[in-house]
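Read the numbers this way: they start at 1 and go in the same order the structure lists the ligands and their atoms.
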Amino acid sequence: DMLLAPCDSQIYCTGEVLRQVQMAKLFDDDKYFVDMKLTTAPEVVVEAFANLSSGFPNKTVPSSELRKFLQTYFEEPGKEFEQWTPPDWHSKPKFLSRVSDSKYRSWAEELHSLWKSLGRKIRDDVRDHPELYSQIYTPHPVVVPGGRFRELYYWDSYWVINGLLLSEMTETARGMILNFVYLVERYGFVPNGGRVYYERRSQPPFLPLMVESFYEVTGDKDFLRQVLPALETEYSFWMQNRSLAVSMSGLTHILNRYNVPVDRPRPESYSDDVELAEGLSAEAQKKLWIELTSGAESGWDFSSRWYIDSTGRNNGTLRDTQTSSILPADLNAIMCRNERLLASFHRILGNEEKAAEYEKALSARIKVVESLLWDAERGAWFDFSLVNETRHTSFYPSNLAPLWAQCYSNPEMANQAVQYLTGSGGLDYPNGVPTSLRESGQQWDMPNAWPPLQHMIIEGLSGLNSAHAKELAFSLAQRWIQTNWRAYIKYEAMFEKYDVNGDGKPGGGGEYEVQLGFGWTNGAALQLLNQYGDRLSSGGSVLSASVLPGLVYSILKSLF
Ligand SMILES: OC[C@H]1O[C@H](O[C@H]2O[C@H](CO)[C@@H](O)[C@H](O)[C@H]2O)[C@H](O)[C@@H](O)[C@@H]1O
C-alpha cells in the first residue's frame with residue numbers, strides 16, 4: 001500500500017505551519033488550529049511562514065511570533081457556518097404523547113428542541129473557496145454532535161437521523177443522507193467527518209442503516225433507487241480496501257478490519273501523536289500513527305480493545321495500539337447487516353440478480369463469523385487477533401454486535417449470548433453498560449458508557465423472541481435513560497458519554513474534555529423514550545438504580 005498524508009493540504013495536514021503551531025501548544029485542544037479559516041491563499045501563507053521562520057535559529061518560530069502569524073493569516077473556527085434553523089422542525093411530534101412519565105415527556109420535548117441548536121448550514125464561500133477552509137463542503141445542512149465537534153460525523157449521524165425521524169424532521173434527515181451520498185461520490189467512501197484532515201479514513205459504515213431507517217418511515221422507493229449506487233460503491237470500498245483473507249484449516253475466510261494507510265500524526269491531535277511516538281524508531285513511529293489513525297476509523301478512539309502487547313496478548317498501553325491486526329466483531333456485524341440491507345433494497349426495486357449476489361455474500365459472512373469470531377464455549381463473538389490467531393476474550397459490548405445484527409444461523413447462539421452477557425460483568429453497573437472492564441484512562445474503556453453501544457445492546461436484546469431478553473433490554477433502557485436524565489437535571493446538558501458509576505455523571509478520560517450537545521446521545525435517548533415511553537419512569541420507583549443490576553442478575557441466573 002502506498003502510504004499517504006491525512007490529506008494534501010499544506011496547511012491542515014502536512015508541513016511546517018501545522019507542525020510548529022501544534023507543537024507550540026498555543027491552544028488547549030489541537031483541533032482548534034486545524035478548524036481555523038485562512039484569510040488568504042494557502043500558498044501565500046506557506047511562503048510567508050517560510051520567510052518568517054528563516055529569520056530564527058533552526059527555523060523555529062517562537063510562540064509569540066506564531067501567535068502574531070495566526071492573527072494575520074487565520075480566523076477563529078466557526079466562520080464556515082451561517083445561521084440555520086431546520087425548516088421542518090415543529091413543536092409537537094407525535095412520539096411525545098407516547099411518553100407517559102410527565103417529567104420525561106417535558107425532557108423529551110427539550111431534547112427535540114435541541115435539534116435547532118445543533119443544525120448547521122455551510123456557507124457558499126466554502127464551496128467557492130475550499131482552499132481557505134478545512135471544512136468539507138456538503139450541499140445540505142447537517143446536525144453536528146456539538147462542542148468541539150463542529151462538523152458532521154459519520155457514525156454519530158445514524159443515531160442523529162433516527163432521532164430526527166422521530167422528531168418528524170424527514171427533510172433534514174434526507175439531506176443528511178444525501179450529504180453522505182455526495183461524499184461517497186467524491187471520495188469513494190464516507191470520511192470520518194466533515195473536515196479535510198478526516199478525508200482518508202472512514203468510520204463504522206452505517207450509511208445503509210440510515211437509509212433503512214429513512215425508508216421505514218417514508219416508504220420512498222425513488223429515494224432508494226437514487227442512493228443505492230452510492231451504497232454499493234461504499235460497500236466495494238470496504239471489501240477492496242478494508243478486508244483481509246485469513247487461511248485457516250485449509251479454508252480462506254474473508255473479513256473486514258479498520259486499516260488506514262496514513263502514517264503521520266493526526267492533525268487534530270498532532271502533539272499527542274508526536275509525544276506518544278517519542279523515542280521510537282522512524283519506522284515504529286509510522287506504524288504507530290497508522291494504528292492510531294485506524295483506531296480513529298473504528299470510532300473507538302482510543303481503547304484497550306486495540307492493544308496487543310509484545311507477547312501477543314490483548315494488553316499494554318496506548319503505544320501498543322494495533323487496530324489493523326484485529327478483525328473486529330462489531331465491524332463484521334455491521335457488514336453483515338449491510339449485506340442483508342443491500343439484498344433487501346435490490347429486492348424491493350426488483351433487481352433479483354443483485355439481491356441474490358448480496359444474499360450470497362451474507363451467507364458467506366455468517367459462516368466466517370461463526371468459524372472465526374464465535375466462541376461456542378463462552379457463548380459470544382470476539383475480536384480475532386491476526387497476531388497470534390486467537391480471539392480476544394475480554395468483555396466489550398462489541399462482543400454482542402452479531403446478536404444485534406442477527407449475524408448467526410442458529411437461534412440457540414442468541415440464547416447463549418444472552419447468558420454470556422448476564423455473567424460477563426458488563427451488567428453490574430447502575431448507569432449503563434461500560435465499554436470494557438479495564439480502566440485504561442482511554443475514553444472507550446471503563447468507566448465510560450457510550451450511547452451507540454447502549455442502543456445496539458438494547459436493540460439486540462429487545463429483538464429476540466424471549467421474554468427474559470426483552471425484560472433485560474427494558475432494564476438497560478431504564479438505567480440509561482435515568483443516567484441521561486439525572487445528569488441533565490444536574491448540568492442542564494446532554495453529554496457525549498457517561499460514567500457507569502455515580503449519580504448521573506458525565507464520562508471522561510482520553511485526549512479531550514467531555515463534550516456537550518450532543519447528537520447521538522439525544523438521538524439514542526429519543527429512541528428509547530419512544531420505544532419504552534409507556535414504562536420508563538424518572539424516579540420514585542420502588543427499585544432504586546443501585547439495587548436493580550443485582551436483582552436483574554439474580555432473576556436471570558435463576559432462569560438459566
Ligand atoms: O479528535 C479526536 C477524535 O475525535 C472524534 O472521535 C470521537 O468523537 C466522534 C464524534 O462524536 C465519535 O464519532 C468518535 O467515536 C469519538 O471517539 C473523531 O471521530 C476522531 O476521528 C478523532 O480522532
Completion exercise
Distance filter under 4.0 Å, heavy atoms only, around ligand 1 gives Arg148, Phe149, Tyr153, Trp155, Asp156, Asn192, Tyr198, Arg201, Gln203, Arg266, Glu268, Ser269, Ala296, Gly299, Asp301, Gln443, Trp444, Glu511, Tyr512, Phe518, Trp520

Handout entry: Test salt bridge (Lys or Arg N to Asp or Glu O under 4.0 Å) applied to Lys79 - qualifying residues, sequence neighbours left out
Key = none

Problem - Listed partners of Thr85 passing side chain to side chain contact (heavy atoms under 4.5 Å, CB included), at least two apart - result: Gln83, Lys116

Exercise for the section: Check whether NZ of the Lys or CZ of the Arg Arg195 lies under 6.0 Å from the centre of the six-membered ring of Tyr12 and within 45 degrees of that ring's axis. Expected result: no

Practice task
Would you please classify the geometry between the Trp89 ring and the His112 ring as parallel, tilted or perpendicular, with 30° and 60° separating the classes?
Solution key: parallel

Problem - Short N-O contact, Asp8 and Arg200, less than 4.0 angstrom - result: yes

Problem - Residue pairs passing the salt bridge (Lys or Arg N to Asp or Glu O under 4.0 Å) test where at least one lies in residues 176-189, sequence neighbours excluded - result: none

